[in-house]
Amino acid sequence: MIESSTPIPSVDAVLRIFRRLNDIPRPSHHEERVADFLCQYAERLGLAYRRDNNNCVVISKPATPGHENATPVAVLNHMDMVCVGMEKPTEQAVVPYEDNGWLKARGTSLGADNGIGLSMALAVLADDSIVHGPLEVITTTNEEDGMSGAAGLSSDFLRARKVINLDSEDYDTITTGAAGAYLQMHRLPSPLQKAPEGKRRWFRISIEGGKGGHSGVDINKGRASAVVVAWAVLAAIYNEYDVELADIRVGEANASIASSAEMIITVPSGEAAEFVKSQEEMLNNWLKEEYGSNEPTMHCTIEKVDARKTILPTEAFEALMTCLEQIPQGVVKMSETMADTVETSNNVGRIFVDDGHLVVTTHTRSFIYDDMVALGKEIAEVFAQEGGTSELVMAAPAWQEKQDSDFLRLTSDTFDEVLGWRPRMVAMHFVLEAGYFVKTYPGIEIACIGPRIIEPHSTAERVELSTVGDIWKVFVTLLGKMA
């Protein structure tokens, strides 16, 4: 470890900016206000900026005097966040708080993914004591739900070909590769029908308390998807009794492992109704046996509710159950070349009723693009056989850097000099925008680093504050070395 010749500014400025960002609602597809904030931020600093039709923003800062001939550097982040636990994500601010060295949020996801990285980039723009070459801070939209911002960038939007991406959640790594992603939205026709007459009982089945998490990095951790649990619950009842489904809502975000579900069902009065209510204890015992210590707080409750006027067609209910039974959920294949790394997976993120359809989203990931596409098409075919249609929302390419490049070696050296240890270089089973950047900007090189963020895309999301400070030091030092 060495002492920097130039004092590194305090990380406090980064955390102040992060708290300002958290006052701005920024779910995917609704980034207008945070894009406005970025443009106004640039104007206050007297910096040039561009904003494209997708609300992606790039802010340019001239080099520190004397470093004008240095290689231009871009700092990449995304401005949207996965809003878990929010009833009104387009209106609701995030309320962060510190707890024993960690920054958390009250009742919602924190947005450290990728708000901390963005805050670091903005802090550099505002601090003229930090030495750097020609600098571009590029912030994209809709990274979490389709990557349409990165996919739509024009070839002249970015000048730099060396990119520091601050969208990593693994403090002790340099991410040098990421899986591709194939996000689809499937629709099964489901026009509402009049509820059956006669004596019936109505119940709300709720599944709550799941850990959820990132459907890429957490997919192999043995967590219970509320989608799988909801299917098991409905299957147990459907196979025995005359049950009708009136409504269903599962999951919180397309890129998350579902942590909750709610279903409204109806059965004829009598013994069947008592059976449904008695399922609660059996289902909770099954959850405990099946998932053990991985899901200590996930539970199921069944309660009586008032009658509904409409139900979903029996054919649509059956089609949904068939599709969920046939498509893979979770790890599909482990890598044969990367130890302990998931190669291919699929996650059902959400199920909901919308405009006469049952809607199901699937997020397929793989380091092998052809395998990912093939699995995505197989899933679409399952829905097609049940009368459904499938819309491809995103087909993001995988990305892999050469780990022996001068740029990655310099990044590793900087960790060693600043923190006294070298990070691992790994490919991760999450999706990054890097694949689109490699396609759009030939010759580009990307190093992805970041603080320790635990349980992203969930209400348990938290960031370790000491690692924010460490990555800030590495980032600032790396900019100086590249200048």
Side-chain angles (χ1 to χ4, degrees), residues 28-29 145-146 182-196 200 202-208 210 212 215 224-239 241-267 276 300 302 305 307-330 346-364 375-394:
S28 302
H29 308 287
D145 193 38
Y182 200 83
L183 175 61
Q184 298 183 91
M185 186 168 288
H186 315 276
R187 291 180 172 85
L188 294 165
S190 185
L192 294 178
Q193 296 180 350
K194 185 178 178 181
R200 302 186 70 87
W202 294 75
F203 297 94
R204 176 187 292 110
I205 303 175
S206 300
I207 299 162
E208 299 173 303
S215 62
S225 167
V227 173
V228 176
V229 178
W231 178 87
V233 170
L234 290 174
I237 299 171
Y238 179 81
N239 289 336
Y241 294 96
D242 177 22
V243 61
E244 301 285 358
L245 180 65
D247 197 9
I248 181 169
R249 185 173 67 252
V250 187
E252 302 78 32
N254 297 334
S256 296
I257 299 170
S259 65
S260 63
E262 182 179 291
M263 298 154 282
I264 304 296
I265 65 166
T266 179
V267 294
V276 171
C300 175
I302 301 177
V305 295
R308 298 292 180 92
K309 294 182 179 180
T310 58
I311 61 169
L312 304 177
T314 300
E315 314 86 72
F317 180 18
E318 292 176 343
L320 175 65
M321 297 296 287
T322 299
C323 291
L324 294 180
E325 183 178 21
Q326 292 186 8
I327 65 177
Q329 297 192 57
N346 183 66
N347 180 71
V348 176
R350 299 172 65 211
I351 304 172
F352 57 95
V353 179
D354 179 60
D355 193 25
H357 291 83
L358 272 166
V359 183
V360 181
T361 68
T362 58
H363 209 306
T364 309
L375 179 55
K377 290 182 177 179
E378 289 175 13
I379 292 170
E381 180 59 27
V382 170
F383 282 90
Q385 290 176 359
E386 297 299 321
T389 60
S390 298
E391 174 192 355
L392 178 60
V393 178
M394 170 182 64

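Predicted, not measured: the structure shown is a model, and the values here were computed from it. We count residues from 1, following the sequence as given.
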Smallest separation among heavy atoms of [X] and [Y], with atom names:
X	Y	answer
Glu244	Pro196	CG-CG, 4.5 Å
Pro191	Pro189	CD-C, 3.7 Å
Ser225	Val348	OG-O, 4.4 Å
Met321	Trp231	O-NE1, 3.1 Å

Item to check | Evaluation steps, side chain to side chain contact (heavy atoms under 4.5 Å, CB included), between Ile237 and Ile205 | outcome: CA-CA 11 Å; Ile237 299 171; Ile205 303 175; 3.8 Å; yes

Enter the distance from [X]:[atom1] to [Y]:[atom2] here, rounded to the nearest 0.5 Å.
X	Y	atom1	atom2	result
Thr362	Leu183	OG1	CG	7.0 Å
Thr322	Leu320	OG1	CG	8.5 Å
Asn347	Gln329	CG	CD	7.0 Å
Leu234	Phe317	CG	CZ	4.5 Å
Ile311	Ser190	CD1	OG	9.5 Å
Thr314	Tyr238	OG1	OH	7.0 Å

Checklist entry - Under 3.5 Å, is there a donor-acceptor pair between the side chain of Asn254 and the main chain of Asp145? => result no

Item to check | Residue pair Met185, Val359: steps toward the side chain to side chain contact (heavy atoms under 4.5 Å, CB included) verdict | outcome: CA-CA 7 Å; Met185 186 168 288; Val359 183; 3.5 Å; yes

Would you be so kind as to tabulate the donor-acceptor pairs closer than 3.5 Å made by side chains of residues 255-267, with sequence neighbours excluded?
unit_1 : atom_1 : unit_2 : atom_2 : d
Ser256 : OG     : His457 : O      : 3.3
Ser259 : OG     : Glu252 : OE1    : 3.3
Ser259 : OG     : Glu252 : OE2    : 3.1
Ser260 : OG     : Glu252 : OE2    : 2.5
Thr266 : OG1    : Arg200 : NE     : 3.1
Thr266 : OG1    : Arg201 : O      : 3.1

Checklist entry - Leu324 and Ile351: side chain to side chain contact (heavy atoms under 4.5 Å, CB included), yes or no, with the steps? => result CA-CA 10 Å; Leu324 294 180; Ile351 304 172; 3.9 Å; yes

For residues 377-393, dump all side-chain donor-acceptor pairs below 3.5 Å to protein atoms at least two apart in sequence or in another chain.
unit_1 : atom_1 : unit_2 : atom_2 : d
Glu381 : OE2    : Gln385 : NE2    : 3.4
Ser390 : OG     : His186 : ND1    : 2.6
Glu391 : OE1    : Arg187 : NH1    : 3.3

